[in-house]
Enquirer: 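What follows is a single structure, and I will ask about it in a moment.
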Amino acid sequence: MAQEEAGSLPEVLARVGAAHGIPDLAQKLHFYDQWAPDYDQLQAQGFFQLHGVDGSPEMLKQARARGLYQCLRLCTLGQEPLPSPEGTFDAVLIVGALSDGQVPCSVIPELLRVTKPGGLVCLTTRTNSSNLQYKEALEATLDRLEQAGAWERLVALPVDRWELATSELEVVPGTSAKDGFISGIVYLYRKQKVTQAEEVRSSPQPPAVP
């Protein structure tokens with residue numbers, strides 16, 4: 001596979017937009033900037049330490065400029081393990097990356113691994129036509145982990161106006177690609193807490209009395 005020469009972020013956006021026939025890709029991507037203030041709500045709920053990973057050094061640079069994160073690491077999800085020990089985080093979120101051609105479903109056990117027992121895992125994916133096969137595979141993975149007792153589902157919330165569409169084929173019926181949206185879904189799971197038997201096994205045992 002040929003590899004293009006790296007360029008500036010505007011140049012990359014222009015190439016991606018041209019390849020997909022999207023003349024205003026940069027403007028559409030500003031839609032995601034509106035999510036940044038939502039992280040303030042996490043702090044209001046007691047989540048004060050925000051860590052993030054991304055496979056793009058340029059995206060990490062932009063994330064640092066937000067001033068919201070205490071730690072940012074370079075990591076290609078699905079190709080390498082997350083750079084954190086098991087049971088590190090109270091909550092793990094992955095928004096907008098679980099879809100066809102982006103992050104594979106195989107990353108889900110890694111997200112679960114770094115979550116504390118009793119912690120939360122929030123996942124999202126698109127539910128438009130081009131992503132239905134991926135969504136089916138994702139839900140099969142989620143269900144297998146639930147059946148194995150690794151976590152329990154708390155929420156599966158469909159969202160009609162999930163993100164801005166980039167073509168007429170992807171929009172919600174009755175809208176246009178210019179101002180239309182595609183649909184998505186939000187999943188929220190709670191990791192299984194450590195059982196009493198596991199706590200006994202992991203706690204220091206008194207020496208045996210001869």
Enquirer: Is there side-chain contact between Leu111 and Leu123, with at least one heavy-atom pair below 4.5 Å?
Expert: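 Yes, at least one pair of side-chain atoms sits under 4.5 Å.
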
Enquirer: What I'd like to find out is whether the side chain of Tyr69 reaches to under 4.5 Å of the side chain of His51, using heavy atoms alone.
Expert: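 Tyr69 vs His51: side chains apart.
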
Enquirer: Please tell me if the side chains of Thr127 and Ile182 come closer than 4.5 Å, counting only heavy atoms from C-beta onward.
Expert: no

Enquirer: Taking Trp151 for the side chain and Gly119 for the main chain, is one N or O donor matched with an acceptor at less than 3.5 Å?
Expert: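 Checked: no pair found.
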
Enquirer: Partners of Arg190 by salt bridge (Lys or Arg N to Asp or Glu O under 4.0 Å), sequence neighbours excluded?
Expert: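 Here the qualifying residues are Glu152.
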
Enquirer: Do Leu82 and Leu142 share a hydrophobic cluster (ILVMFWY, side-chain heavy atoms under 4.5 Å, transitive)?
Expert: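 Yes, one cluster joins them.
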
Enquirer: Hey, mind stepping through Leu145 and Tyr189 against side-chain contact (heavy atoms from CB on, under 4.5 Å) and telling me if it holds?
Expert: CA-CA 10 Å; Leu145 288 169; Tyr189 286 84; over 6 Å; no

Enquirer: Report the residues that fulfil side chain to side chain donor-acceptor pair (under 3.5 Å) with Ser106, sequence neighbours left out, ordered by chain and then residue number.
Expert: none

Enquirer: Can you name the side-chain contact (heavy atoms from CB on, under 4.5 Å) partners of Glu86, sequence neighbours left out?
Expert: Arg113

Enquirer: Among Val186, Ile185, Leu132, which residue meets the side chain to side chain contact (heavy atoms under 4.5 Å, CB included) test with Thr125?
Expert: Ile185

Enquirer: Show every donor-acceptor pair shorter than 3.5 Å between a side-chain atom in residues 89-104 and any protein atom, with sequence neighbours excluded, or say none if there are none.
Expert:
{"residue": "Asp90", "atom": "OD1", "partner": "Lys116", "partner atom": "NZ", "Å": "3.4"}
{"residue": "Ser99", "atom": "OG", "partner": "Gln102", "partner atom": "NE2", "Å": "2.5"}

Enquirer: If hydrophobic clusters are built by linking Ile, Leu, Val, Met, Phe, Trp and Tyr wherever their side-chain heavy atoms come under 4.5 Å apart, do Tyr187 and Val159 end up in the same one?
Expert: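 The answer is no; the residues belong to distinct hydrophobic clusters.
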
Enquirer: Give every residue pair that meets the salt bridge (charged side-chain N to carboxylate O under 4.0 Å, His left out) criterion with at least one member in residues 134-143, sequence neighbours excluded.
Expert: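 Of all non-adjacent pairs touching residues 134-143, those that pass salt bridge (charged side-chain N to carboxylate O under 4.0 Å, His left out) are Lys135-Glu139, Asp143-Arg153.
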
Enquirer: Would Asp54 and Ser56 satisfy side-chain hydrogen bond (donor to acceptor under 3.5 Å, both in side chains), going step by step from the backbone distance to the final call?
Expert: CA-CA 5 Å; Asp54 200 284; Ser56 164; 4.5 Å; no

Enquirer: Sequence neighbours excluded, which residues qualify as side chain to side chain donor-acceptor pair (under 3.5 Å) partners of Thr88?
Expert: none

Enquirer: Tell me every residue that passes side chain to side chain donor-acceptor pair (under 3.5 Å) with Arg73, counting only those two or more places apart in sequence or in another chain.
Expert: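 With sequence neighbours excluded, Arg73 shows a side chain to side chain donor-acceptor pair (under 3.5 Å) to no residue whatsoever.
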
Enquirer: Only counting residues at least two apart or in another chain, list the ones meeting side-chain contact (heavy atoms from CB on, under 4.5 Å) with Glu80.
Expert: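 Listed in chain order: Cys75, Thr76.
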
Enquirer: Applying side chain to side chain donor-acceptor pair (under 3.5 Å), can you list everything that pairs with Thr115, at least two apart in sequence or on another chain?
Expert: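 Testing Thr115 for side chain to side chain donor-acceptor pair (under 3.5 Å), a comparison that skips the adjacent residues, returns none.
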
Enquirer: Which pairs pass ring-ring contact (aromatic ring centres under 6.0 Å, His included) with one or both residues in residues 116-143, sequence neighbours excluded?
Expert: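 Checked against ring-ring contact (aromatic ring centres under 6.0 Å, His included) - neighbours excluded - no pair reaches residues 116-143.
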
Enquirer: Side chains of Val121 and Ile108: does their closest heavy-atom pair fall under 4.5 Å?
Expert: no

Enquirer: Do you reckon Leu77 sits in the same ILVMFWY cluster as Leu72, going by side-chain contacts under 4.5 Å, direct or chained?
Expert: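 Cluster IDs for Leu77 and Leu72 differ.
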
